[in-house]
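Here is the structure we will look at.
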Amino acid sequence: MKTAEIKSVFENFQSVSADFNIKKLTSGHINSTYLIQNKKQKFVLQKINVEVFKKVENITNNIFEVAKHLENKAYPHKILKPLTFLNGEFIWKRKWRIFEFFENTKTYEKVISTKQAFEAAKFLGEFHRYLKDFEIEKITQPIPGFLDFQQRIFQFKKSLKTAKTERKQQAAKEIKIIQQNISLLDKWNLIAEKLPKRIIHADPKISNFLFCEKNKEKIIALIDWDTLMKGSILYDFGDMVRSYTNLKSEDDFSNTNNFSLENFKALKKGFLFYLEEELTTTEKENLDLAGKIVVYIQAIRFLTDYLNGDLYFNIKRPHHNLERTQSQLNLLENMKKKLKL
Ligand code: GN1
Ligand code: MG
């Protein structure tokens, strides 16, 4: 952590005495996030990974367009937007931004109750309900090809060709499981054309929900709007399934059942609470498939990165991406046992 660099960014935000503390928050896989705290205030400072988010102005614009729409409709929850620097900009030196810190909130890395899953799905459904008349043309895709599953497979195959032998050996079992499950993609391709394009969050994992500190089942805000994009709402539901049915952390690779059918049912109920009337029949009929395909694609993404030598996701230990892959594949296996297609 480069304290001097962080201090200089913060000095361009507001004139404060230098006596603030900097603490790195470690949960994100792409950006670097810090909690900045002095006697009076707390802020969240973030260094955007500009290798991944190449056009920072696009993501900023997307966030403000969606925020404006929600505010105009009196959306009843908190909205996290970047704050302005002293020069009036939202981004400092093309990669730094600052957010308000919402007091009395808490994040979780894994689900702790079925009610929590239900409430989160209801909250995401409500977000979508408010955005149903949002003009999607106002959004610029933040990461080209993010939702192109065919391209994910292509990148996986390419990584198999270029990977170091040792990595390929380490991941032999996982590579095989990915290859054995390719028919999931064929099933998805049969419906993909029929799915309407909507504005989606594209990263509604549990750590992107701010919960009330005192009430573990009350949500204060859905955060991390960097991946707001045009796509199928089934991706949002699927990613939520990926996160909220998993009884273990995303990188816990222990090979016991990590899938909760109860949570899955609660997610469906919660998601449809505000969306029953809004979703098409194809969307409603494919909620199970959405869960499986997003878990499968996430496994592919982690494994591809492992084979490429960990270029994309932040890692904390050498085989972290393989462990994440194993956790996703374990979830997929258990989902397949309990959910029919
Ligand atoms: C990444 O950076 P973070 O933790 O918000 C990733 C998501 C993955 C997620 C897996 C831009 O999100 O797509 O689902 O990790 N974000 C990007 O935990 O690739
Ligand atoms: Mg994210």
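Start at 1 and go down the list; that is how both ligands and their atoms are numbered. Side chains included, hydrogens not; waters and symmetry mates left out as well; all remaining heavy atoms used. Because the structure is a prediction, the values reported are computed rather than measured.
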Which class fits the ring pair F13 and F85: parallel under 30°, tilted 30 to 60°, perpendicular over 60°? perpendicular

Check whether any side-chain heavy atom of M229 lies under 4.5 Å from a side-chain heavy atom of L147, and answer yes or no. yes

Any donor-acceptor pair under 3.5 Å linking the side-chain atoms of [Y] with those of [X]?
X    : Y    : value
H69  : E135 : no
S249 : D252 : no
T114 : K265 : no

Listed protein N/O/S atoms, distance to the Mg ion (ligand 2) under 2.8 Å: D203 OD2, D224 OD2

Could you pull out the N/O contacts under 3.5 angstrom between ligand 1 and the surrounding protein atoms?
| residue | atom | partner | partner atom | Å |
| --- | --- | --- | --- | --- |
| ligand 1 | 2 (O) | H29 | N | 3.2 |
| ligand 1 | 2 (O) | I30 | N | 3.2 |
| ligand 1 | 4 (O) | H29 | N | 2.9 |
| ligand 1 | 4 (O) | K205 | NZ | 2.6 |
| ligand 1 | 5 (O) | D203 | OD2 | 2.9 |
| ligand 1 | 5 (O) | D224 | OD2 | 2.9 |
| ligand 1 | 12 (O) | D203 | OD2 | 3.3 |
| ligand 1 | 13 (O) | R301 | NH1 | 2.9 |
| ligand 1 | 13 (O) | R301 | NH2 | 3.3 |
| ligand 1 | 14 (O) | Q298 | OE1 | 2.8 |
| ligand 1 | 18 (O) | H29 | NE2 | 3.3 |
| ligand 1 | 18 (O) | K205 | NZ | 2.7 |
| ligand 1 | 18 (O) | E250 | OE1 | 3.0 |
| ligand 1 | 18 (O) | E250 | OE2 | 2.6 |
| ligand 1 | 19 (O) | R301 | NH2 | 2.7 |
| ligand 1 | 19 (O) | Y312 | OH | 2.5 |

On the six-membered ring of F259, is K338 placed so that its NZ or CZ lies under 6.0 angstrom from the centre and within 45° of the ring axis? no

Pairs involving residues 205-231, ordered by first then second residue, that meet side chain to side chain donor-acceptor pair (under 3.5 Å) (sequence neighbours left out): N31-D226, R97-D226, S113-E217, D203-N208, N208-D224

E174 meets the salt bridge (Lys or Arg N to Asp or Glu O under 4.0 Å) criterion, sequence neighbours left out, with none

So which heavy atom on K292 is nearest to which on L332, and how close? O-CD1, 3.7 Å

